[in-house]
Amino acid sequence: MIVGVIGGTGLAGLGEDPAPAIDSPGTPFGPASAIPRRFESLPNAIFLNRHGDGHTVLPHEINYRANVWLLDNLGVDAIVAVFAVGGISRTLADGDFVVPGQIIDYTWGREHTFAGTDNFLHVDFSDPFDAGLRETLARSAGRTGIGFSDGVYGCTQGPRFETGAEIDRMDRDGCTVVGMTAMPEAALARELGLPYAGVCLVVNPAAGRGLVTLEVADMRKVVDDAQPRMRRLLVDFLQLVEE
Ligand code: HPA
């Protein structure tokens, strides 16, 4: 199985080894965020950074359609996405992993569908994340001794962080983590029939939860600390899907 790994703030890359760029076609939707890369030691993965290689593409400006279309066009069988998120649930701490089972979409104005007059499409999205991929991620978490929990991903528009009241509302809605990039990515994958799952890294308490000012520099430190665990989980997952 070839897995498209969409990395973001939560994962800059998959390994230390040189990552050759993959010759990739343009897309009908314009350029993807970055050139997809393959790692010598992980032949069944194609890695794409949704924020661009220099981390310059903001969440509301990401060309989600181009990214998902490109991975599909390169022949991936599934997508595993990595996200940095804020923790809404008070049981979550910085550095925790969440493999979400549900999404609530609070984004607006994004190019969010492949459907159109010549492509009449209403996909079932009752379960936005693929059960089989989530199960395999759970097995990998077990094999590598990495803890994780289930959760509901609330996707906000950004680029600003949320207000305390917005987080309280999301909490009442049932969201346990908040991020800015799972939508429309997950829905676009569904429209193309690509199984999709995600791994969230909690990098801060959501607004009003930790009574601290949210600073990207602090979040980066959590990401840096968690990189080896995230890589271990994904490398094991990539091995498992080959077995
Ligand atoms: N809110 C939205 N997106 C995020 C956050 C947050 O608190 N942390 C990391 N990505």
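Note that ligands are numbered from 1 as they come in the structure, with each ligand's atoms numbered from 1 the same way.
A cation-pi contact, defined as under 6.0 Å to the ring centre and within 45° of the axis, is absent between Arg38 and Phe47.
Distances below 4.0 Å separate heavy atoms of Glu162 from the following atoms of ligand 1: 1 (N), 2 (C), 6 (C), 7 (O). Near Gly179, with a cut-off below 4.0 Å to any heavy atom, the atoms of ligand 1 are 2 (C), 3 (N). Heavy-atom contacts of Val203 reach the following atoms of ligand 1: 8 (N), 9 (C) (cutoff under 4.0 Å).
Contact annotation: for Asn204 versus ligand 1, heavy atoms closer than 4.0 Å belong to the side chain alone.
A 6.0 Å sphere centred on CZ of Arg143 holds more than 12 heavy atoms belonging to other residues, nucleotides or ligands. Open room surrounds CD on Glu135; 12 or fewer heavy atoms of other groups in view lie less than 6.0 Å from it.
Between atom CE of residue Met183 and atom OH of residue Tyr106 there is a gap of 12.5 Å, rounded to the nearest 0.5 Å.
Regarding atom 6 (C) of ligand 1, its nearest protein heavy-atom neighbour is Phe161 CD2, 3.5 Å. Of the protein's non-hydrogen atoms, Gly86 N, 3.5 Å is the one closest to atom 5 (C) of ligand 1.
If you check each of Val178, Val222, Thr181 against atom 4 (C) of ligand 1, the one with the closest non-hydrogen atom is Val178.
Note on Glu166 versus Arg160: salt bridge recorded, some NZ/NE/NH1/NH2 to OD/OE distance being below 4.0 Å.
Residue contacts with ligand 1: Ala84 is placed with a nitrogen or oxygen under 3.5 Å of a nitrogen or oxygen of the ligand (distance criterion only).
Between Phe129 and Tyr153, the ring centre distance reaches or exceeds 6.0 Å.
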